[in-house]
Protein chains: 2
Amino acid sequence: MARAGLTPQRLTQAGAELADEVGFEQVTVSALARHFDVKVASLYSHVKNSHDLKTRIALLALEEMADCAAEALAGRSGKDALTAFANVYRDYARAHPGRYAAAQLRLDPETAAASAGVRHAQMTRAILRGYDLAESEQTHAVRLLGGTFHGYVSLELSGGFDHSAPPAAVSWTRIVDALDALLRNWPAAPAAPAPSAAPSAPAQNDREI
Amino acid sequence: MARAGLTPQRLTQAGAELADEVGFEQVTVSALARHFDVKVASLYSHVKNSHDLKTRIALLALEEMADCAAEALAGRSGKDALTAFANVYRDYARAHPGRYAAAQLRLDPETAAASAGVRHAQMTRAILRGYDLAESEQTHAVRLLGGTFHGYVSLELSGGFDHSAPPAAVSWTRIVDALDALLRNWPAAPAAPAPSAAPSAPAQNDREI
DNA sequence: GTAAGTTGCCTAAAACCTGTAGGCAAATGA
DNA sequence: TCATTTGCCTACAGGTTTTAGGCAACTTAC
């Protein structure tokens, strides 16, 4: 019988496309086998298991996002860079919701460390060079940007902004403006507490619900 | 034979607990049946199907989060309210990762409109009363806060901050500080573009990757 | 060109999850 | 007590995951 020409790369690519069409959750070894018109068991020579397949799709998505971001950042700095970076993030998620969901897959530490997620974080840090932040504040700012971009896009994709005005794109622009303003006027860190002093701001809510 | 005393409520509650133990993804009708030491088919008299079960867990989580937030907000305003609200959000997610994941389930519009998610959004808006924002900017600010809180917590839970200093709790505090500063110095909206003018800032990246 | 070795896809089968249909027994209530 | 409702059951059909082992199609070496 003719061979289908399966490879891990082709499976990953097809899996990514399938994810964008029907959602990352629906990407299954069976569905992929149907797509290649091949028996399910055949795929197990190319990917270890279902989780391996999903991980490969996640890594592909992270790679693509980092590539887009790198291209968008080239030659830009300051607010221009921040805006370009933010838009790449949102545009990618909207164009490729399945891959974007894949990129959110929790990777085991070694895989994550070897992924393009690291490049992404480095680029976020590079953007901050256009702002005047103390070294000790940079990680906080990186996490703020990462969290905000991811959170906003994630809420938008899940339909959270669908039924209220204004359109999500308008808020997005204003939010990037606001983050730019925030980075230019980053609040001073509070004085470090004396070593033996009680914590200055106890958690306000740590009870079990 | 003795009856197990199943009800939709008990199933939902047990499902929520199971989600916190093994992850929302792993909550299945079968697993729940095992928990009650009952045959799988028996559950289908109480919940319509697997999706119905998950939706009920999501609604429970949204309800609990809104209750916690309401309690934390009582008697507070300004930065105090912002901090309390933010901490409720993060603390709930850390204490109940499975329920938190459930709360992210995409609900159909009617279900979402009837859920406690609405209350949550109203509380966010209430917090903004402590700041001096133009009416037209409030929705943007609500979306910024929602996105940032959700995004940060989501990244933290998925382990994104595990392998870098400082601890996630430290950045969290600084980020809430920064958001407070931002809300107190919200940047002016740019002048509205003339009706027939070209868009002032074309998207920087809308190509297909 | 052909024999040997490798690779690729196959069949078969076990285990688990979802969901439907119909049945019997326990609870309820007149 | 008898009829009805309710709750959990058995049985079954269909789908996904994963392993084991087999044969045919490629590749390579002589």
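Proteins come first, then strands; the chains are lettered A, B, ... in the order of their sequence lines, and each starts at number 1.
- Rounded to whole angstrom, the span from the CG atom of B/L43 across to the P atom of C/dC17 amounts to 12 Å.
- Distances shorter than 4.0 Å separate some side-chain N or O of B/H46 from OP1 or OP2 on D/dC8.
- Between the CD1 atom in B/I127 and the CG atom in B/L183 there is a gap of 9.5 Å [rounded to 0.5 Å].
- Side-chain nitrogen and oxygen atoms of B/R34 include at least one within less than 4.0 Å of the OP1 or OP2 phosphate oxygen of C/dC17.
- Distance A/L18 CG to D/dT16 C1': 14 Å, rounded to the nearest Å.
- Across all strands shown, A/A41 has heavy atoms under 4.0 Å from base atoms, whether or not it also approaches the sugar-phosphate.
- The side chain of A/L6 lies closest to C/dC9, out of D/dC9, C/dT18, C/dC9.
- Regarding contacts with the backbone of C/dC16, every side-chain N or O of B/T28 stays at 4.0 angstrom or more from both OP1 and OP2.
- Classification of B/E156 and A/R143 as a salt-bridged pair fails, no side-chain N sitting under 4.0 Å from a carboxylate O.
- Within 6.0 Å of CZ in A/R125 there are more than 12 heavy atoms belonging to other residues, nucleotides or ligands.
- Applying the 4.0 Å criterion to OP1 and OP2 of D/dC9, one finds that B/S42 has a side-chain N or O inside that range.
- With a 4.5 Å cut-off on side-chain heavy atoms, A/L144 and A/W186 count as touching.
- Distance B/L32 CG to D/dC8 P: 13 Å, rounded to the nearest Å.
- Set against D/dT18, D/dT10, D/dC8, the side chain of A/N49 has D/dT18 as its closest nucleotide.
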What pairs of donor and acceptor atoms, side-chain ones from residues 18-40 of chain B against any protein atom, are under 3.5 angstrom apart with sequence neighbours left out?
from	atom 1	to	atom 2	distance (Å)
B/D20	OD1	B/G98	N	2.9
B/D20	OD1	B/R99	N	2.9
B/D20	OD2	B/H96	ND1	2.9
B/D20	OD2	B/R99	NH1	2.5
B/T28	OG1	B/S30	N	2.9
B/T28	OG1	B/A31	N	3.0

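- Atom pair B/K39:NZ and C/dT20:P shows a separation of 20 Å (rounding to whole Å applied).
- Summarising the geometry, the separation between NZ on B/K48 and P on C/dT18 is reported as 16 Å, rounded to the nearest angstrom.
- Put simply, A/S45 has no side-chain N or O that comes within less than 4.0 Å of OP1 or OP2 on C/dC9.
- Among the nucleotides C/dT20, D/dT17, C/dC9, the one closest to the side chain of B/Y44 is C/dT20.
- Mapping A/V27 and B/T7 onto DNA chain D by nearest heavy atom places B/T7 closer to the 5' end of the strand.
- Following rounding to the nearest Å, A/D52 (CG) and D/dT19 (C1') show an atom-to-atom distance of 16 Å.
- In this structure, B/S50 reaches the C/dT18 phosphate: one of its side-chain N or O atoms is under 4.0 Å from OP1 or OP2.
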